[in-house]
Number of protein chains: 2
Amino acid sequence: MKDLNISLKQLRYYLTAAKHKSLRQAAKELQISQPSLSAQLKLLEEALGVALFERTRGGIMLTPLGKELIPESKAAVDAAQAIVEAANYSTSGPSGTFKLGVSPSLGPYSLPWILPALRHEFTNVKFFVKEEAPLSLVDGLTDGSYDLIFTPLPVDDPTLTVVPLFREPLFLVVNANHPLAKYEHIEPSQLSGLDILTIEEHHHFFKQVESLSQRFNAHLLLDYEGSSLDAIRQMVYMEMGATFLPALYIRSEIRDRDELHVLTIKGESIYRSHALVWRNSSPLRGFYRELAEFFHLRIKEEFDETVIMM
Amino acid sequence: MKDLNISLKQLRYYLTAAKHKSLRQAAKELQISQPSLSAQLKLLEEALGVALFERTRGGIMLTPLGKELIPESKAAVDAAQAIVEAANYSTSGPSGTFKLGVSPSLGPYSLPWILPALRHEFTNVKFFVKEEAPLSLVDGLTDGSYDLIFTPLPVDDPTLTVVPLFREPLFLVVNANHPLAKYEHIEPSQLSGLDILTIEEHHHFFKQVESLSQRFNAHLLLDYEGSSLDAIRQMVYMEMGATFLPALYIRSEIRDRDELHVLTIKGESIYRSHALVWRNSSPLRGFYRELAEFFHLRIKEEFDETVIMM
DNA sequence: TAAAGGTGAAAGCTTTTTCCTATCACAAGA
DNA sequence: TCTTGTGATAGGAAAAAGCTTTCACCTTTA
């Protein structure tokens with residue numbers, strides 16, 4: 001990069017002197033002494049190697065080149081002013097485009113109810129939302145691909161701040177023609193031998209369903225893994241097996257109870273927890289705490305009958 | 001004007017740090033020490049009152065606002081760079097739009113033969129040409145309305161540099177039906193009582209024709225003054241009187257010798273002189289001397305049979 | 001596990017830049 | 001002749017920019 005030996009101050013001085021056609025008047029406006037102004041304009045002329053002004057006893061006048069360099073000088077000073085103003089505006093509230101990473105089993109069934117209110121509350125804040133599996137979310141947060149993630153737990157990294165927000169119940173879902181569909185609540189023993197479908201291995205959800213299957217002696221189907229909750233819902237609909245689905249998903253996507261039946265297991269409370277997570281080193285961590293509180297309130301307002309607040 | 005407390009250097013440092021995501025790498029590119037860069041970025045952040053970077057042990061990353069201020073920062077630095085480049089370009093030759101003032105009795109009959117060659121020779125120089133009576137030209141040069149004037153002499157102002165270029169003969173012009181039209185040369189006594197037309201009083205030309213009329217005992221018509229040389233040529237054509245016209249005007253505008261007759265006066269050499277004039281205080285006076293030489297050469301090439309070089 | 005190598009920050013010092021006051025040189029106007 | 005206006009010059013003080021050295025902390029390698 002070519003060395004720039006001119007300063008914004010010098011450009012301001014030049015524009016002001018051009019305006020007044022008098023070094024004394026300009027110095028007065030700038031609130032510096034006239035010899036200082038004279039010296040700085042001389043330095044600017046020397047740095048550029050050209051004469052910008054013609055000095056006469058009646059004052060100064062711009063040379064043709066001096067006139068020609070006015071627009072670019074004004075552009076530089078105006079751009080700097082815009083930076084200062086944007087920053088001033090920003091100190092009165094957070095600003096910019098934030099990269100928010102979410103789990104695909106959580107984001108689509110919660111964020112549409114949160115983001116509009118968020119945009120209303122923090123008007124200069126934009127979110128660029130991307131879905132990715134939770135393990136990838138944590139990696140992305142660590143390496144700076146995301147500023148913030150909204151993800152199922154667990155997250156075990158001491159460089160990250162984890163703010164748990166709520167617990168989301170998981171329910172057993174079977175086809176309406178399934179023998180278990182005649183019940184609202186079943187005994188754990190009734191799960192024995194049941195074919196259980198789930199989504200891909202790198203999701204926390206997979207591990208949880210695997211654990212549940214082992215616990216209830218059910219049979220976890222590994223040959224027909226789904227790529228999303230929608231996919232496994234379709235498989236249940238096609239009588240390929242049963243599955244566990246999160247409450248927010250059920251709330252959002254399962255309306256036709258003639259096709260799919262939702263059950264609870266007696267004496268069992270099955271949940272997964274969700275949190276907002278950010279890097280400890282972020283200078284915006286104060287704002288992220290505010291955001292976490294906002295999320296918490298919004299989720300409470302919107303999903304209080306579905307989830308358990310933390 | 002709001003006080004700008006950020007510098008172009010700081011903006012360059014910020015852009016370079018953003019590019020490298022490492023203060024050490026950026027400092028290396030900028031050829032300053034890392035602690036200096038760190039300190040300057042901190043000062044920039046303090047001046048703006050916002051965090052532009054998040055610091056981690058693996059390096060730095062931009063905050064959302066840090067990202068948002070990149071385009072304006074680049075705009076400021078690029079504008080300054082453009083100033084430096086324009087100035088560098090300019091030191092390899094004069095540049096800008098020059099305000100050239102010319103007399104209406106000279107400019108139209110000379111500049112069309114000079115300006116194209118001038119543009120070819122000085123490619124970054126533009127002329128904004130304006131015609132005005134010579135006394136107004138001098139006033140305009142003194143007050144800065146013109147950078148340069150091309151004018152008939154005399155010019156008597158010690159703050160101005162006057163470079164005489166050539167002498168332009170004046171010829172007597174009569175209608176082709178006039179008794180004097182049968183001659184190519186006449187005696188001074190033949191002018192006695194002749195009606196003489198001229199242009200307005202505030203032109204040097206008026207004073208010269210007035211002086212000639214008195215000298216040859218001719219009758220200067222004051223009731224029918226022309227506003228231009230074209231106007232008095234028409235009056236001569238309409239047999240309202242005779243007139244003196246400059247050689248360049250005759251060369252350019254009088255082709256039909258069946259209508260108007262051009263005479264010389266025996267034993268008399270009648271001229272007016274023309275010069276380029278600029279302010280002594282102009283930092284571009286070196287360039288104006290060059291220009292004067294170029295005018296001189298060009299006039300010699302184009303008008304050598306019409307005028308007398310000085 | 002220890003050593004090496006990477007990160008940005010803090011501290012103290014030197015150099016450079018920016019700004020000040022006082023004055024000068026020159027001109028125009030009263 | 002004096003007053004008032006212009007921009008420039010000279011010398012000094014204060015602020016800013018940059019340096020080297022070192023620190024704290026982490027990761028990687030042998």
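Because only heavy atoms are used, hydrogens play no part in the values below, and waters and symmetry mates are left out as well, while side chains stay in. Order of the sequence lines fixes the chain letters, A, B, ..., with proteins taken first and strands second; residue numbering starts at 1 for each chain.
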At less than 4.0 Å, is any side-chain N or O atom of K9(B) found next to OP1 or OP2 of dG18(D)? Yes or no. yes

Nearest-Å distance for atom pair CG/P, residues L23(B) and dG6(C): 16 Å

Given that L43(A) and Q25(B) both sit by DNA chain C, which one's nearest nucleotide is further toward the 5' end? Q25(B)

At 4.0 Å (heavy atoms only), tell me whether Q40(B) reaches a base, stays on the sugar-phosphate, or touches nothing. sugar-phosphate

With the side chain defined as heavy atoms from C-beta on, P35(A) is closest, among dC19(D), dC26(D), dA22(C), to dA22(C)

Interatomic distance, M61(B) CE vs dG8(C) P [rounded to whole Å]: 11 Å

Does one side chain, of N280(A) or T159(A), offer a donor that lies under 3.5 Å from an acceptor on the other? no

Taken to the nearest 0.5 Å, the spacing of L111(B) CG from L106(B) CG works out to 7.0 Å

Whole-Å gap separating C1' (dG6(C)) and CD (Q34(B)): 12 Å

dG18(D) phosphate, OP1 or OP2: any side-chain N/O from S33(B) under 4.0 angstrom? no

Most 5' of G58(A) and A39(A) on DNA chain D, judged by nearest nucleotide: G58(A)

So, taking the atom named NZ in K28(B) and the one named NE2 in H20(B), what distance separates them when rounded to the nearest 0.5 Å? 10.0 Å

In whole angstroms, how far is the P atom of dA8(D) from the CG atom of L37(A)? 9 Å

Using heavy atoms to find the nearest nucleotide of DNA chain D for S7(B) and S22(A) separately, return the residue whose nucleotide is more 5′. S22(A)

Do Y14(A) and L62(A) have side chains that approach each other closer than 4.5 Å (heavy atoms only, starting at C-beta)? yes

Measure from CD1 on I60(A) to C1' on dG5(D) and round the result to the nearest Å. 15 Å

Could you say whether Q10(A) or T159(B) is positioned toward the 5' end of DNA chain C, judged by the nucleotide with the nearest heavy atom to each? Q10(A)

Tell me whether the side-chain N or O atoms of R24(B) pair up with the base of dG6(C) as donor and acceptor below 3.5 Å, since no angle test is needed here. no

Under 4.0 Å between any heavy atoms, over every strand shown, what does F53(A) touch: base, sugar-phosphate, or nothing? Just pick one. nothing

Out of curiosity, W278(A) CH2 to E54(B) CD, how far, rounded to the nearest 0.5 Å? 12.5 Å

Expressed as a whole number of angstroms, how long is the span from K28(B):NZ to dG8(C):P? 13 Å

F287(B)-F98(B) aromatic ring centre distance below 6.0 Å: yes

Measure the distance from CG on L30(A) to P on dC20(C) and round it to the nearest whole Å. 10 Å

K42(A) side chain near dG7(D) phosphate (N/O to OP1/OP2, under 4.0 Å): no

In this structure, how many angstroms lie between the P atom of dC19(C) and the CG atom of L41(A), rounded? 11 Å

So, is S38(B) near the phosphate of dA9(C), with a side-chain N or O under 4.0 Å from OP1 or OP2? yes

Check whether any side-chain N or O of R55(B) sits under 4.0 Å from OP1 or OP2 of dT7(C), and answer yes or no. no

